[in-house]
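Nothing fancy with the numbering, it's 1 onward along the sequence. All values below come from the heavy atoms of this structure, side chains included, with hydrogens, waters and symmetry mates left out. Everything quoted here is computed from the prediction, not taken from an experiment.
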Amino acid sequence: MNWKVIFLLRVGKKATPYLMITPYFFLYIAFGLFPILFSLVISLTKWDGIGEMTFIGLKNYTRIFTNDPLFYTSLYNTVLIIVITIPLEIILGLLLAVFLKDFFRKSGSVLQLINFLPYITTPVAIGIIFQILFDWKNGSVNVLLTKMGFESVYWLGLPWASRVVVIIMQTWTTFGYKMVLFLSGLSTIPEELYESAKIDGAKWLDCFIYITIPMLKPIMIFVVTTSIINGFRLFDEPQLLFQSASQPIGGPDHAVLTVVMRYYDVAFHSFDFGYGSAIAYSLFMVIAIISFISMKFMNRGEEESSH
């Protein structure tokens, strides 16, 4: 056989895997890498999406930190929601996972499905559900309050009440996902540890504190980190909730205005794509810094506990 043919056959066999994954790289470059880099370029310009781009350097970024009080409002609201919802989600998810594993093994799969359904429900449906529940006149929550002798609350019209609604909605939507993660972590803990502890006289609470929680630290780090990232990305549910309730973006007095909602308002209502891209990249930096700090803090705690 000709040496050229042998060479082409050998090269062809080695190159086949690379040729098979080539379409993925083209798609990633076109729909992933290019938009990321292009938005970075846009953040250095003034552009309305139609006319000519005007390069202005870092003025969009200096505007964020020196001349945009709504950005600080949105950042405060986002951090406040994260600080309240993440502990609630973790506590509810962990306790429910432990109870399902220890006390509801036969009916556990059904209960898991029921608690996980809110996480896979579309944001549009969630927004409509909570708009009906917390409606000012005919909402189920206000009907229950009046029957108990309390006054009705304008849930979607008062700043503090709107924050409560968003916190409840966010917690209800995502704690089922945490439950599934904790259940997967609980399945990796050897039963021999619990049996040995019970032989030594440990009760259920002792096993939970001294065995379950320390063994779930890797899952806990993952849950906290992803919860922080998802918390800063909060947009769909509050936007649809207050949009359907005929409230301005961010709710009453911008009480539930998140950073992503601020970006959406700037980019797609004011058509200031340059400034909107700068907000998006600033949000990326905030998420990266806070995630790095939280991972370092939790990893250090794990190392100290191991020593």
Side-chain angles (χ1 to χ4, degrees), residues 64 67-89 91-92 115 117-177 227-228 230-272 275-276 279-280 282-283 286:
I64 291 174
N67 195 26
D68 188 2
L70 279 181
F71 176 78
Y72 288 101
T73 300
S74 65
L75 186 60
Y76 169 77
N77 292 335
T78 306
V79 173
L80 178 65
I81 293 172
I82 289 174
V83 168
I84 296 175
T85 55
I86 288 181
L88 289 175
E89 294 165 8
I91 292 171
L92 289 175
N115 288 284
L117 279 177
Y119 183 74
I120 59 177
T121 304
T122 60
V124 176
I126 293 174
I128 294 173
I129 290 170
F130 274 80
Q131 200 274 331
I132 294 172
L133 286 173
F134 292 92
D135 184 68
W136 163 242
K137 295 181 179 180
N138 302 315
S140 303
V141 176
N142 277 339
V143 170
L144 182 62
L145 288 176
T146 53
K147 287 185 177 181
M148 295 172 62
F150 298 99
E151 294 184 359
S152 298
V153 179
Y154 191 10
W155 293 103
L156 303 181
L158 296 174
W160 70 268
S162 60
R163 283 175 178 163
V164 171
V165 174
V166 171
I167 289 170
I168 294 173
M169 179 173 57
Q170 181 69 2
T171 304
W172 176 77
T173 304
T174 55
F175 86 92
Y177 173 67
S227 297
I228 291 173
N230 291 327
F232 275 103
R233 292 168 51 196
L234 180 63
F235 171 75
D236 292 336
E237 291 87 351
Q239 168 69 7
L240 293 167
L241 174 63
F242 289 95
Q243 184 177 353
S244 60
S246 300
Q247 290 285 350
I249 187 167
D253 199 24
H254 305 292
V256 293
L257 180 69
T258 63
V259 179
V260 179
M261 293 172 74
R262 176 59 180 158
Y263 155 75
Y264 176 81
D265 186 40
V266 168
F268 298 102
H269 285 173
S270 303
F271 296 102
D272 192 348
Y275 186 55
I279 292 176
S282 299
L283 175 61
V286 170

Closest non-hydrogen atom pair, Ala125 against Thr121: CB-CG2, 3.8 Å
Met169 to Pro238 - nearest heavy-atom pair and separation: CE-N, 3.8 Å
Closest approach of Pro118 to Ile126 (non-hydrogen atoms, all atoms of both residues): O-CD1, 3.7 Å
Ser152 versus Thr146, closest heavy-atom pair with distance: OG-CG2, 3.2 Å
Contact check, side chains of Leu234 and Val260, non-hydrogen atoms, under 4.5 Å: no
Donor-acceptor contact present, side-chain Arg163 to main-chain Ala255, <3.5 Å: yes
Nearest-0.5 Å distance, CG of residue Asn138 to CG of residue Leu133: 12.5 Å
Trp172/Phe130 aromatic ring centres below 6.0 Å: yes
Trp160 side chain near Val153 side chain, heavy-atom distance below 4.5 Å: yes
Step-by-step side chain to side chain donor-acceptor pair (under 3.5 Å) determination, Glu89 to Thr174: CA-CA 7 Å; Glu89 294 165 8; Thr174 55; 2.8 Å; yes
Beyond-backbone contact of Phe175 with Leu88, side-chain heavy atoms, under 4.5 angstrom: no
Result of checking Thr78, Val259, Leu75 against Leu283 for side-chain contact (heavy atoms from CB on, under 4.5 Å): Val259
Nearest-0.5 Å distance, OH of residue Tyr119 to OH of residue Tyr177: 5.0 Å
Ser162 side-chain N/O to Pro159 backbone N/O, donor-acceptor pair under 3.5 Å: yes
Note, Glu151 side chain near Leu145 side chain (heavy atom, < 4.5 Å): no
Asp236 side chain vs Pro123 backbone, donor-acceptor pair below 3.5 Å: no
Straight-line distance of Ile167 CD1 to Ile82 CD1, nearest 0.5 Å: 11.5 Å
From Lys147 atom NZ to Leu144 atom CG, the distance as rounded to the nearest 0.5 Å: 8.0 Å
Sequence-distant partners of Thr73, side-chain hydrogen bond (donor to acceptor under 3.5 Å, both in side chains), two or more places apart: none
Any side-chain heavy-atom pair of Val166 and Thr85 under 4.5 Å: no
pair Leu257-Leu70: side-chain heavy atoms closer than 4.5 Å: yes
Nearest non-hydrogen partners of Ile64 and Ser282, listed with the distance: CD1-OG, 3.3 Å
Heavy-atom side-chain proximity of Asn77 to Val256 below 4.5 angstrom: no
Spacing of Ile168 atom CD1 and Thr173 atom OG1 [to the nearest 0.5 Å]: 11.0 Å
Residue pairs passing the side chain to side chain donor-acceptor pair (under 3.5 Å) test where at least one lies in residues 253-269, sequence neighbours excluded: Asp68-Arg262, Asp265-His269
Expected output: side-chain Ser74 to main-chain Phe71 donor-acceptor under 3.5 Å: yes
Exam field: side chain Asn142 to backbone Trp136, donor-acceptor pair closer than 3.5 Å: yes
